[in-house]
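Worksheet for the structure shown next.
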Amino acid sequence: MARKASTAKQDLAPELNFIGGRWVPAGGGETFPSRSPADTRKVVGTFPRSSAADVKAAVAAAQQGFAKWRLVPAPQRGWMLAACAKVLRERKEELSNLMSREMGKPLVEARGDVQEAIDCADYYAGEGRRWFGETTHSELPDKFAMSIRCPIGVCGMIAPWNFPVAIPAWKIFPAILCGNAVVFKPAEDSPACGAAFVKALEDAGVPEGVVNLVQGFGEECGVALVAHPDVRVISFTGSSETGSQIATACGKTLKRCSLEMGGKNAQIVLEDADLDLALEGALWGAFGTAGQRCTATSRLILHKKIRKEFVKRLIKAAGQLKIGDPLDEKNHYGPLVNEQQLKRVQRYVEIGRKDDGAKLVLGGKRIMAKGLEHGYFFEPTIFDEVKPNMRIAQEEIFGPVTAAIEVKSFEEAVEVLNGVPYGLSSAVYTRDVNRAFRAIRDLQAGITYVNGPTIGAEVHLPFGGVKNTGNGHREAGKQVLDIFSEWKSVYVDYSGRLQKAQIDVSG
Ligand code: NAD
């Protein structure tokens with residue numbers, strides 16, 4: 001039995017790179033382990049620590065894959081995505097289980113992560129039949145004019161660990177639908193999920209060279225992927241610090257680069273809100289995935305008439321959350337992803353208490369209860385009486401920590417929500433339709449929810465943020481196709497003579 005289980009794991013997530021349709025070790029033979037954050041004694045797998053040479057091989061394979069794939073008609077590329085959706089659906093449970101073990105997200109959320117990838121494959125499968133351009137009249141007679149979308153070439157995909165299947169799917173499915181080939185580098189904290197995702201695509205029949213996988217560290221193979229002259233697009237999701245370095249490197253080689261980065265999302269609760277609903281939203285938004293979502297609710301902007309009551313109820317509800325093994329479905333959230341993340345959260349709790357002088361009203365400590373002492377578990381943590389300019393209200397913490405800020409009016413709530421360097425997600429709870437629409441107009445964020453929490457994006461709408469969260473692109477929806485395709489304008493002259501635009505005719 002044991003042997004069978006290990007073969008199944010091997011099949012699901014091969015501990016190798018995937019280059020040109022073959023599973024291969026890193027050229028240098030070095031490896032790194034992926035450990036479970038719920039119990040770091042458990043090794044989920046050992047993966048190749050790739051170098052620039054491995055990236056070079058993967059890019060060369062992708063170029064060969066691209067040469068054939070770009071000629072496959074878009075509807076047929078769509079069929080391939082439908083096949084990917086089918087395999088992912090069949091493996092949903094195994095993939096979710098692997099995800100919970102590898103990066104600590106609770107099983108129920110891991111299933112949502114895989115479902116998002118399935119939704120994404122289904123959605124872009126349909127887009128294969130909507131590979132539309134435009135036709136229009138030329139200003140000259142007997143001349144036809146149109147614009148068409150073209151694939152670009154090799155795309156480098158650099159992903160974080162917090163949505164280790166959904167985010168790669170968001171990038172890879174639209175990229176290959178557009179006729180590109182990709183080199184995918186998963187985060188070093190979720191290599192098994194990355195491998196299992198690519199294995200599903202291989203088993204669905206994605207042709208060799210179209211999707212290539214290189215495992216390893218950002219400063220080694222990530223940097224090499226960004227610098228490679230034959231990579232024409234970089235699609236990155238991760239921290240703003242890394243994104244800024246990548247944008248600089250892409251600028252040097254004039255690469256297109258799409259960046260999805262950090263957030264400091266807020267939920268506004270006005271005095272007329274349904275407080276039960278707002279409370280549920282805050283709990284889910286602030287503590288789901290242990291607060292390690294780019295759209296997590298790390299600020300609660302509360303009208304002064306309800307702040308005390310709301311914080312009191314939130315403390316009670318958050319205090320009852322169950323934290324532990326992410327595979328145990330009774331638990332609300334699991335561990336932080338790694339030691340670095342744990343230290344970061346601990347540092348911000350200290351900053352909140354000492355430097356900022358905010359009032360810590362719940363949590364603030366690592367959980368060392370029996371059975372959890374080998375993992376990176378952290379208490380649900382709430383700060384009250386936070387001022388908008390405090391560091392815990394300005395900087396991304398990425399943990400189960402939220403900051404309650406009191407405001408006197410709707411206008412002040414909007415000002416506070418907008419007063420951070422990020423702009424990913426925002427939420428407003430109110431029963432007043434006029435204020436809801438003003439919030440939609442005035443909140444500086446890529447996403448606004450009315451009477452819903454800051455998390456819950458769907459694949460057919462554009463996803464991304466303003467200010468330091470992004471660089472103007474959007475993933476998901478049909479908007480992402482603009483990242484992965486070039487427009488070409490085509491003029492067909494059937495007059496049989498030389499015709500000169502702007503010269504033969506004028507308005
Ligand atoms: P990170 O920036 O440390 O790493 C992200 C990826 O970049 C990893 O694969 C890493 O190996 C790679 N990388 C690191 N340095 C690199 C370099 N110099 N060149 C090329 N690649 C490099 O981020 P993380 O800690 O994995 O993820 C957490 C961050 O991601 C948070 O800030 C979060 O807000 C953000 N995030 C944003 C979104 C979004 O859509 N806006 C979604 C999820 C996560």
Side-chain angles (χ1 to χ4, degrees), residues 32 34 37 47 49-50 52 55 103 105 113 116 156-171 183-191 193-194 213-228 231 234-250 252-253 255 257-265 289-298 336-345 395-399 420-425 445-447 454-455 457 459 462-476 480 483:
F32 68 98
S34 172
F47 295 88
R49 183 167 174 170
S50 308
V55 169
M103 53 68 70
K105 175 181 289 204
D113 195 303
E116 203 165 321
M157 312 303 203
I158 301 179
W161 45 266
N162 64 340
F163 282 86
V165 169
I167 289 179
W170 281 18
K171 295 180 184 304
V183 176
F184 163 40
K185 193 208 88 61
E188 41 274 59
D189 284 304
S190 57
C193 291
L213 167 77
V214 178
Q215 300 279 14
F217 293 84
E219 58 277 18
E220 295 170 0
C221 60
V223 167
L225 187 58
V226 173
H228 198 297
V231 174
I234 289 290
S235 171
F236 166 81
T237 301
S239 63
S240 296
E241 296 75 27
T242 307
S244 163
Q245 288 170 26
I246 288 178
T248 306
C250 285
K252 285 191 184 141
T253 46
K255 273 188 187 64
C257 105
S258 150
L259 307 170
E260 293 291 345
M261 301 172 287
K264 191 70 191 172
N265 316 291
T289 329
Q292 301 171 108
R293 287 176 180 239
C294 50
T295 53
T297 312
S298 56
L336 297 170
V337 76
N338 57 29
E339 192 179 356
Q340 199 188 351
Q341 199 57 35
L342 173 74
K343 286 190 172 149
R344 179 186 169 101
V345 173
E395 298 173 22
E396 188 179 46
I397 301 175
F398 227 53
V420 293
Y422 299 104
L424 183 53
S425 188
I447 308 168
T454 57
I455 56 188
V459 300
F463 182 92
V466 303
K467 301 198 264 188
N468 291 359
T469 294
N471 66 337
H473 293 285
R474 288 292 180 272
E475 293 199 305
V480 71
I483 298 174

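Both counts, for ligands and for their atoms, begin at 1 and track the order of listing. If you're wondering where the values come from, they're calculated on a predicted model, not measured in any experiment. Below, each value reflects all heavy atoms present in this structure, side chains not excepted, and no hydrogens, waters or symmetry copies.
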task: Note the single closest protein heavy atom to atom 36 (N) of ligand 1, along with its residue, its atom name and the distance in Å.
output: Cys294 CB, 3.6 Å
For atom 13 (N) of ligand 1, closest protein heavy-atom neighbour: Gly218 CA, 3.5 Å
- request: Run the contact test for Ala159 against ligand 1 with a 4.0 Å cut-off on heavy atoms, strictly below, and give the result.
  value: yes
field: Sole candidate of Ile455, Thr469, Asn265 that passes side-chain contact (heavy atoms from CB on, under 4.5 Å) when paired with Ser425
entry: Asn265
statement: shortest atom 40 (O) of ligand 1-to-protein heavy-atom contact is with Phe463 CE2, 3.1 Å
message: Does ligand 1 come near enough to Glu219 that some N or O of the ligand is less than 3.5 Å from an N or O of the residue?
response: no
- prompt: So, does Ile167 sit close enough to ligand 1 that a heavy atom of it is under 4.0 Å from the ligand?
  reply: yes
- prompt: Near Glu188, which atoms of ligand 1 are under 4.0 Å from a heavy atom of that residue?
  reply: 8 (C), 9 (O), 10 (C), 11 (O)
message: Using a 4.0 Å heavy-atom cut-off, which part of Leu225 comes near ligand 1: side chain, backbone, both, or neither?
response: neither
query: Measuring to protein heavy atoms, does anything land under 4.0 Å from atom 24 (P) of ligand 1?
result: yes
- line: ligand 1 to Ser239, heavy atom cutoff 4.0 Å, flagged ligand atoms 1 (P), 2 (O), 23 (O), 29 (C), 30 (O), 32 (O)
task: Sort and list the pairs that fulfil salt bridge (charged side-chain N to carboxylate O under 4.0 Å, His left out) and have at least one residue in residues 218-228, not counting sequence neighbours.
output: Arg49-Glu220
query: Which is it for Arg293 and Phe163 under the side-chain contact (heavy atoms from CB on, under 4.5 Å) test, yes or no, and what are the steps along the way?
result: CA-CA 8 Å; Arg293 287 176 180 239; Phe163 282 86; 3.8 Å; yes
- prompt: So which protein heavy atom does atom 34 (O) of ligand 1 come closest to, and at what separation?
  reply: Glu396 OE2, 2.6 Å
- request: Answer yes or no: is there a side-chain heavy-atom contact under 4.5 Å between Glu260 and Ile167?
  value: no
- line: atom 15 (N) of ligand 1 has as its nearest protein heavy atom Thr242 CG2, 3.2 Å
- request: May I ask you to identify the nearest protein heavy atom to atom 27 (O) of ligand 1, giving residue, atom name and distance to one decimal place in Å?
  value: Pro160 CB, 3.6 Å
message: Angle between ring planes, Trp170 versus Phe463, binned at 30° and 60°: parallel, tilted or perpendicular?
response: perpendicular
message: Looking only at side-chain N and O atoms, does Lys185 offer a donor or acceptor that is under 3.5 Å from a partner on Ser50?
response: no
- line: One finds that the ligand 1 atoms under 4.0 Å from a non-hydrogen atom of Ile158 are 6 (C), 7 (O), 9 (O), 12 (C), 20 (C), 21 (N)
field: Interfacing atoms of ligand 1 (cut-off 4.0 Å, heavy-atom, Trp161)
entry: 24 (P), 25 (O), 26 (O), 27 (O)
- request: Mark up the atoms of ligand 1 that fall under 4.0 Å of a heavy atom belonging to Phe236, in ascending order.
  value: 2 (O), 5 (C), 6 (C), 7 (O)
task: Please examine the side chains of Met261 and Phe236, heavy atoms only from C-beta on, and report whether any two atoms are closer than 4.5 Å.
output: yes
message: Do Val226 and Ile158 make a side-chain contact, defined as non-hydrogen atoms from C-beta onward lying under 4.5 Å apart?
response: yes
- prompt: Do any nitrogen or oxygen atoms of Val226 lie less than 3.5 angstrom from nitrogen or oxygen atoms of ligand 1?
  reply: no
- prompt: Identify the closest protein heavy atom to atom 18 (N) of ligand 1: which residue and atom is it, and at what distance?
  reply: Gln245 OE1, 3.2 Å
- prompt: Near Val223, which atoms of ligand 1 are under 4.0 Å from a heavy atom of that residue?
  reply: 17 (C), 18 (N), 19 (N), 20 (C)
- prompt: Below 4.0 Å from any atom of ligand 1, is there a heavy atom belonging to Gly216?
  reply: no
task: Note the single closest protein heavy atom to atom 20 (C) of ligand 1, along with its residue, its atom name and the distance in Å.
output: Gly222 C, 3.4 Å
Phe398, portion touching ligand 1 at heavy-atom distance under 4.0 Å: side chain
message: Taking 4.0 angstrom as the limit and counting only heavy atoms of Pro186, give me the atoms of ligand 1 inside it, by number and element.
response: 9 (O)
Any N/O pair Thr237/ligand 1 closer than 3.5 Å: no
Distance filter under 4.0 Å to Asn162 heavy atoms, resulting ligand 1 atoms: 43 (C), 44 (C)
